[in-house]
Amino acid sequence: MIDTKDLIEHPEKYRASQRARQEDESLVDLVISAQQTRNEAIARFESLRAEQKAFGKQVAQASGEEKDRLLAEVKDLSQRVKTAEAASNEAEETFRSLQRRVPNPIHEGVPAGGEDDFDVLRTEGSPRDFAAEGFTPKDHLELAESLGAVDMERGAKTSGARFYFLQGVGARLELAMMQMGMDQALAAGFTPMITPTLVRPETMQGTGFDVEHDDEIYRLERDDLYLTGTSEVAIAGYHADEILDLSSGPSRIAGWSTCYRREAGSHGKDTRGILRVHQFNKLEMFVYCSAEDSAAEHERLLAWEEQMLAKMELPYRVVDIAAGDLGMSAARKFDCEGWVPSQETYRELTSTSDCTTFQARRLNIRERRTADDGAKAGTRPVATLNGTLATTRWLVAILENHQQADGSVRVPEALRPYLGGQEVFEPIR
RNA sequence: GGAGGUGUGCCGGAGCGGCCGAACGGACUUCACUGCUAAUGAAGGGUCCGGUUAACCCCGGACCGGGGGUUCGAAUCCCCCCACCUCCGCCA
């Protein structure tokens, strides 16, 4: 949810952001006029209400005929108060629904345009030259199956398409990777968390997901609960309606959870293997910090992601996502895309978003502000950010990039301590 | 699943339908006093919205788990929901 005061003071900033997102900029003016209508309605209601309260005091003190007379007089006022209140509530609702439709204004420097208009900021490492090494790389599923790491067929048998079993070295590899990520997060001062994966509609909506219309969300209608596509949802909801103390710096949480996605719009896309699945695990960084610190924190999250990718010894590139592909909440988003040899392309492995105060405003998460002189001051919304430390999808990149001509897979060195020192995964069939 | 109970400010805890934004404790902040700490005394507090303002102040409104309702008027009465507690049943 955007800051309406800011929008009214700097409408051009919001119009420009809407243009970059390739969205309707007239929304900005709709919000402004709805806000005026609302304020007028509130003022009308409140002055009537004040009158009614004053009358109420008289009624309380009066008695007998005097009281009856006052009651007769105030009945009409009561009606007018009710009418004005209803009008005020309606204007409020109209305003809020418009306000909720305005996406977070983008940061300066974010490329304009849609999905394909991203900027490549950097490329780290370089893809292996398999031709020079004298063999054609296998794809991750072929590798995984020969290693006994993934069973897609039985996943489909028990649960349907896009479900799978991780088993053997696949299961171990994922656990090792998560543990390594958790250790890195711990060293950086994060608080580890394992989060609920079913949340109430208010929590889902608070994070910016549209429960009614989002086809990506699994819903349990009978219980009015929603399966989360990322632990971000629960962690963002964790501090809803709270006032935080961030005086000693950002609050950083490393959340592990299983994630559920319907992948409704992607029939026929990435159907092979575990690249795009309905259920996977993810270790997520989540940060609550002061608004002015969010851009710097965003850089830190990106650095921690890259640190993990480096430890996995994966070639990747860093991408600045274009405005139209940011979603409602993010003012900026960096993806790290790992090289996938079988596809000869880069695929998303991490994604980090700076949601500034957008998410927190909706979730009503604030911090207490201390004035420059150290005296008391009011509250203000915090900023929230998130970023990926590891996901099941990484197995794709790890297996493919570290495969060897004989079908075995070399274990990245940093991961070995988490696998009992194992250096190579050997095919079992 | 069944029966009952509770939900008030940072915490504890009162609260006849009007004089309750809310008694009384504690915590906290400031001031006073004491050689320091402690103790004591005094004073002060929340959040949100609107008006006004450069900003503060100030004025008005809302908020007593959440949402509806009754009433001229609701923390107080009624209904629904949520959370927690106790007992019974069921179950990993």
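Below, each value reflects all heavy atoms present in this structure, side chains not excepted, and no hydrogens, waters or symmetry copies. Below, chains carry the letters A, B, ... as their sequence lines are ordered, and counting in each starts from 1.
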Please measure how far the P atom in B/C10 lies from the corresponding atom in B/G66, and state the result in whole Å.
-> 13 Å
Aromatic ring centroids of A/F190 and A/W304 under 6.0 Å?
-> yes
Counting only side-chain N and O atoms of A/R366, is one of them less than 4.0 Å from OP1 or OP2 of B/U47?
-> no
Within the side chain of A/R49, is there an N or O that forms a donor-acceptor pair under 3.5 Å with the backbone of A/V81?
-> no
For B/C58, which nucleotide in any strand shown is its Watson-Crick or wobble partner with both distances under 3.5 Å?
-> B/G51
note: A/R80, atom CZ; B/G73, atom P; distance rounded to Å ~ 14 Å
Separation of B/C10 C1' from A/E242 CD (nearest whole Å) | 13 Å
A/R44 side chain N/O closer than 4.0 Å to the phosphate oxygens (OP1, OP2) of B/G50?
-> no
In Watson-Crick or G-U wobble terms, both distances under 3.5 Å, what is the partner of B/C10?
-> B/G26
Any donor-acceptor pair under 3.5 Å from A/R361 side chain to A/V382 backbone | no
Within the structure, does a side-chain N or O atom of A/T379 lie under 4.0 Å from either OP1 or OP2 of B/U47?
-> no
OP1 or OP2 of B/G51 under 4.0 Å from side-chain N/O of A/N39 | yes
Expressed in angstrom and rounded to an integer, what is the separation of A/D245 atom CG from B/C10 atom P?
-> 15 Å
How close or far is atom P of B/G46 from atom CG of A/N364, stated in whole angstroms?
-> 17 Å
Please work out if A/E92 contacts a base, only the sugar-phosphate, or nothing of the nucleic acid, heavy-atom cut-off 4.0 Å.
-> nothing
To the nearest Å, how far apart are A/L225 CG and B/A83 C1'?
-> 14 Å
Given the P atoms of B/C57 and B/C48, what is the spacing between them in whole Å?
-> 13 Å
Would you tell me if any nitrogen or oxygen in the side chain of A/R38 comes within less than 4.0 Å of OP1 or OP2 on B/C49?
-> no
is_close_aromatic(A/H239, A/Y288), centroid dist under 6.0 Å = yes
Interatomic distance at P, B/A54 relative to B/G65, whole Å = 40 Å
With rounding to whole Å, what would you report as the distance between B/G17 and B/G25 at their P atoms?
-> 25 Å
When you measure from the side chain of A/Q52, which nucleotide among B/A83, B/U47, B/G73 comes out closest?
-> B/G73
Under-4.0 Å salt bridge between A/E367 and A/R380 = yes
Separation of A/I8 atom CD1 from B/G50 atom P, in whole Å?
-> 9 Å
For each nucleotide in nucleotides 54-71 of chain B, reading 5' to 3', give B when a protein heavy atom comes within less than 4.0 Å of its base, S when such contact involves only the sugar-phosphate, and - otherwise.
-> ------BBS---------
Span that lies between the C1' atom of B/C28 and that of B/C80, in whole angstrom | 39 Å
Round to the nearest Å and state the distance from A/D224 atom CG to B/A83 atom P.
-> 12 Å
Between B/C49 atom P and A/F95 atom CZ, what is the distance in whole Å?
-> 10 Å
In terms of the angle between their ring planes, are A/H278 and A/F163 parallel, tilted or perpendicular, with boundaries placed at 30° and 60°?
-> tilted
Is there a donor-acceptor pair under 3.5 Å between the side chain of A/E284 and the backbone N or O of A/G255?
-> no
For A/L147, the option from A/V409, A/I428, A/L173 that meets side-chain contact (heavy atoms from CB on, under 4.5 Å) | A/V409
Return yes if some donor-acceptor pair links the side-chain N/O of A/R262 with the main-chain N/O of A/D215 below 3.5 Å, else return no.
-> yes
Syn or anti for B/G68, taking syn as within 90° of 0?
-> anti
On RNA chain B, more 5' by nearest nucleotide between A/A43 and A/S78 is A/A43
Sort out the partner of B/G4 for me: Watson-Crick or G-U wobble, both distances under 3.5 Å, none otherwise.
-> B/C85
